[in-house]
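The structure appears below as structure tokens.
Below, chains carry the letters A, B, ... as their sequence lines are ordered, and counting in each starts from 1.
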Amino acid sequence: MNKEIEKKQNEGASAPTQHFIRQIIADDYKTNKWGGRVQTRFPPEPNGYLHIGHAKSICLNFGLAIENNGLTNLRFDDTNPEKESDEYVRSIIEDVKWLGFDWGDRLYYASDYFEQLYDFAVQLIKMGKAFVCDLSPQEIKDYRGTLTESGKESPYRYRPVEENLELFEQMRQGKFPEESHVLRAKIDMASPNLNMRDPVIYRIKYAQHHRTGDKWCIYPMYDYTHCLSDSIERITHSICTLEFEDHRPLYDWVLEELDVFHSQQIEFARLNLTYTVMSKRKLLELVESKVVNGWNDPRMPTISGLRRRGFTPAAIRNFSELVGVSKKESVVDYALLEYCIREDLNKTAQRAMAVLNPLKIVITNYPDDLEEELDAINNPENLEAGSRKIPFSKEIYIEKDDFMENPPKRFYRLAPGREVRLRYAYFITCNEVIKDENGEIIELRCTYDPASRGGASPDGRRVMGTIHWVSARHSKKVELRLYDHLFLKEDPYDFPEGGDVLDNLNPNSLVKIAAFVEPSLMKAKPTERFQFERVGYFCADEYDSNEGQPVFNRTATLRDSWAKIAGKS
RNA sequence: UGGGAUGUGGCCAAGCGGUAAGGCACCGCCCUUUGGAGGCGGCAUUCGCAGGUUCGAAUCCUGCCAUCCCAGCCA
């Protein structure tokens, strides 16, 4: 009974769905494991742009902290100078901020801890838990053994502590070339977990680090750095993806041996989306091969790409919550992301009219030189958004698709002899179809009912449908970029032997067209979002729009139930 | 053939021994000056499979099957 009541209350409050990490935190609260404290971190490596998968992690980490009055740190995991750069740092900071999260003054870099990490390494050496190994990379690999056979111990494994100390110091001083020496943890070469077979924890790299420059020539490895960084920051719940599950014993080993604050690593399944690839390597490839126009191309699943496409932070946050958190590897339907952006934009985007594929109509009984200003509601979902004036005149454009000479049963747009409503304007009836010498319909002759001004039905008569339009004389021409999935297949990795995801590229993922739009749209500011009625959601491109001459990106189409009906017959 | 994980409707996902939440998608109907939005209804006799324990199992036990991850001086 109590359970039922609790359930009902949760439903009423539309409580977020329970998941195992929330459960762990709730349990920790009960056992007072962390003294009631929750502190998470988002730890990107600055070696690429963030994508929607990272967004899920960001929302999870920051969200969990917010829910529990905790804190979240932003920490760059910058231990591999060869791949990292400041450009990536800046883009990541911008993206996390844009998503709406705040890390206060807790912006950290693993590289901030290099000195402490070095000291911890010295400590491990002194404890006899780490040693300098002179084996070459190939030898280390050979000594590691295989999945089914245990490895062999390095001949340097039992080097005296003093010698290790001296060698490690010399490594730091740049006395050795790259690949000549590494520092290894001394754990167990027979472990069935390869990560525990005396893992390398420091390697020599003569590379410029984006923050420390050439101060260091030895760099700590991820496994050694991450756990200690979490510990230093007193992270309670260190959330990462499934592939690190095998690394947890090493994470725990380092913290236990050093006897320091022991954060808990928790793994969840990364996000996958249909019709898209999520690996940084593949995304980099798309950028470098110019398949797309940069990391922020609106077809990219990057946060900057989605932003440019017109997605909102709220939609992405909602999406992150709706997909759930579990340990099951899954692929989320892109339709859910579309649902989230439509739901948000439906409530917030101003409406406007745009004709993408124009068909001219001459309203024969409308005065030649009359021009009217008709009232149009800016957002039926939010009347406070007010209204605007739209010019009307004798010649207008409607969508080619909104007319059919021989309409099928359930088509209730314009057809010979039929009457439709021009949104916010008049009822018109089609009297004549004009074709060119090829039989192509090039113009329609219609009459209008002056009594239907504004679109109201003067005598209560019903019209089949309402269509959008623009005044030919007043409309403006703008560039529209119609985006579609970058890949043709739900699973871009579904290709025959020897193939590649690039074989599954959608050749029509970007179609640029010129459209006729109502004049008010010329004032659109970069990044401003609109719903072009009956067409879709569009966003003025942040980079290619010019003052008074916007370029629009299609964020998503509107749901199109006519397409479904038409598709069935 | 080693180790680690995961299997609940088309896609996600709750469920924690008392008789299958919710969302997306889909299908009806209603409503509508966006075939948008909204409203209402439908959509797993069954939880990878097979046994077992129990009055009772998606939940516990045993076995099997499938899928994913691991042999970077990447993270």
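No side-chain donor from either of A:Asn164 and A:Tyr156 sits under 3.5 Å from a side-chain acceptor of the other. Judged by distance alone, the side chains of A:Gln531 and A:Tyr537 do bring a donor and an acceptor atom under 3.5 Å apart. Between the side chains of A:Lys347 and A:Asn382, no donor-acceptor pair of N or O atoms lies under 3.5 Å. A:Tyr88 and A:Glu84 share no donor-acceptor pair across their side chains, judged by distance under 3.5 Å alone. At a cut-off of 3.5 Å, with distance as the only test, a side-chain donor of A:Glu233 or A:Tyr113 sits close to an acceptor on the other residue. A:Arg41 and A:Ser238 share a side-chain donor-acceptor pair at under 3.5 Å.
The same atom, C1', is picked in B:G56 and in B:C49; the two are 22 Å apart, to the nearest Å. For the C1' atoms, the distance from B:G17 to B:U54 is 9 Å, rounded to whole Å. Annotation: B:G36 and B:C30 have their P atoms spaced 14 Å apart (nearest Å). Distance check on atom C1': B:G48 versus B:A37 gives 41 Å, rounded to whole Å. Between the C1' atoms of B:C27 and B:C65, the separation comes to 35 Å (whole Å). B:A58 and B:U46 are spaced 9 Å apart, taking the C1' atom of each and rounding to whole Å. Going from the C1' atom of B:A57 to that of B:C12 covers 25 Å, rounded to whole Å. On the C1' atoms, B:C40 is 45 Å away from B:U53, given to the nearest whole Å.
In this structure, A:Glu45 does not pair ionically with A:Lys83, as no charged nitrogen and carboxylate oxygen lie closer than 4.0 Å. Ion pair A:Arg270/A:Glu243 flagged as a salt bridge, since at least one NZ, NE, NH1 or NH2 atom sits closer than 4.0 Å to an Asp/Glu carboxylate oxygen.
Distance, A:Glu329 CD to B:C11 P: 15 Å, rounded to whole Å. We find that CG of A:Asp494 is positioned 16 Å from C1' of B:U67, with the value rounded to whole Å. The CZ-C1' distance, from A:Arg75 to B:A75, rounds to 12 Å in whole Å. Following rounding to the nearest Å, A:Arg22 (CZ) and B:A13 (C1') show an atom-to-atom distance of 12 Å. Spacing between atom CG of A:Leu242 and atom P of B:U6 amounts to 8 Å, rounded to whole angstrom units. Between the CZ atom of A:Phe319 and the C1' atom of B:C12 there is a distance of 9 Å, given to the nearest Å. A:Arg197 places its CZ atom 11 Å from the P atom of B:A71, with the value rounded to the nearest Å. The separation between A:Ile201 atom CD1 and B:C74 atom P is 14 Å, rounded to whole Å.
A:Phe244 comes within 4.0 angstrom of a base, heavy atoms only. Counting non-hydrogen atoms under 4.0 angstrom, A:Glu45 reaches the backbone sugars and phosphates but no base. If you check every strand for non-hydrogen atoms under 4.0 Å, A:Leu336 touches sugar and phosphate atoms only. Using a 4.0 Å heavy-atom distance criterion, A:Asp246 is classed as a base contact. Residue contacts for A:Leu135: at a heavy-atom cut-off of 4.0 Å it reaches a base atom on one of the strands shown. When heavy atoms are screened at a 4.0 angstrom cut-off, A:Val182 is found touching base atoms of the nucleic acid. Within the nucleic acid shown, A:Gln23 comes within 4.0 Å of at least one base atom, counting heavy atoms only. Counting any heavy atom pair closer than 4.0 Å across all strands shown, A:Lys347 reaches no nucleic acid atom. Residue contacts for A:Ser136: at a heavy-atom cut-off of 4.0 Å it reaches a base atom on one of the strands shown. Heavy atoms of A:His181 sit nowhere under 4.0 angstrom from any nucleic acid atom. Within the 4.0 angstrom heavy-atom criterion, no nucleotide atom of any strand lies near A:Ile377. Among the heavy atoms of the strands, none lies under 4.0 Å from A:Lys280.
Residue A:Lys205 places at least one side-chain N or O under 4.0 Å from the OP1 or OP2 atom of B:C74. Applying the 4.0 Å criterion to OP1 and OP2 of B:G72, one finds that A:Arg144 has a side-chain N or O inside that range. Side-chain nitrogen and oxygen atoms of A:Ser326 include none within less than 4.0 Å of the OP1 or OP2 phosphate oxygen of B:C12. Within the 4.0 Å cut-off from OP1 or OP2 of B:U8, at least one side-chain nitrogen or oxygen of A:Lys328 is found. In this model, the phosphate group of B:A5 is not approached by any side-chain N or O of A:Arg270 to a distance below 4.0 Å at OP1 or OP2.
In the set B:C73, B:G3, B:G72, the nucleotide with an atom closest to the side chain of A:Asn193 is B:G3. Nearest to the side chain of A:Glu245, among B:A75, B:A13, B:G4, sits B:G4. Listed candidates were B:C74, B:C69, B:C12. Nearest to the side chain of A:Val332 is B:C12. Candidate nucleotides B:A75, B:A14, B:G10 were compared by shortest atom distance to the side chain of A:Met221, and B:A75 ranks first. Checked against B:C73, B:C27, B:C11, the side chain of A:Lys564 finds its nearest nucleotide in B:C27.
The partner of B:U34, taking Watson-Crick or G-U wobble pairs whose two distances both stay under 3.5 Å, does not exist in any strand shown. Figure legend. B:A5 is base-paired to B:U67; pairs are counted as Watson-Crick or G-U wobble with both atom distances under 3.5 Å. Base pairing of B:G28: its partner is B:C40, meeting the Watson-Crick or G-U wobble criterion (both donor-acceptor distances under 3.5 Å). Taking a pair to require two hydrogen-bonding distances under 3.5 Å in either a Watson-Crick or a G-U wobble arrangement, B:C74 remains unpaired. B:G51 and B:C61 make up a base pair, with Watson-Crick or G-U wobble contacts both under 3.5 Å.
Its glycosidic angle being within 90° of 0, B:G72 falls on the syn side.
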TODO: For each nucleotide in nucleotides 28-38 of chain B, reading 5' to 3', give B when a protein heavy atom comes within less than 4.0 Å of its base, S when such contact involves only the sugar-phosphate, and - otherwise.
DONE: S----BBBBS-
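Between A:Tyr412 and A:Trp562, the distance from one ring center to the other does not fall under 6.0 angstrom.
Across the interface with RNA chain B, nearest-nucleotide mapping of A:Thr274 and A:Val325 shows A:Thr274 to be the residue nearer the 5′ end. Where A:His226 and A:Val331 meet RNA chain B, the nucleotide closest to each residue was compared, and A:Val331 sits on the side nearer the 5' end.
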- [ ] Evaluate the criterion side-chain contact (heavy atoms from CB on, under 4.5 Å) for residue pair A:Glu419 and A:Arg461; output intermediate values, then yes/no.
- [x] CA-CA 11 Å; A:Glu419 184 174 52; A:Arg461 75 178 183 274; 2.7 Å; yes
- [ ] Report the C-alpha separation of A:Thr312 and A:Asp344 in whole Å, then their side-chain angles, then the decisive distance to 0.1 Å, and conclude whether the side chain to side chain donor-acceptor pair (under 3.5 Å) test is met.
- [x] CA-CA 8 Å; A:Thr312 60; A:Asp344 187 21; 2.4 Å; yes
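With sequence neighbours excluded, no residue satisfies salt bridge (charged side-chain N to carboxylate O under 4.0 Å, His left out) with A:Glu87.
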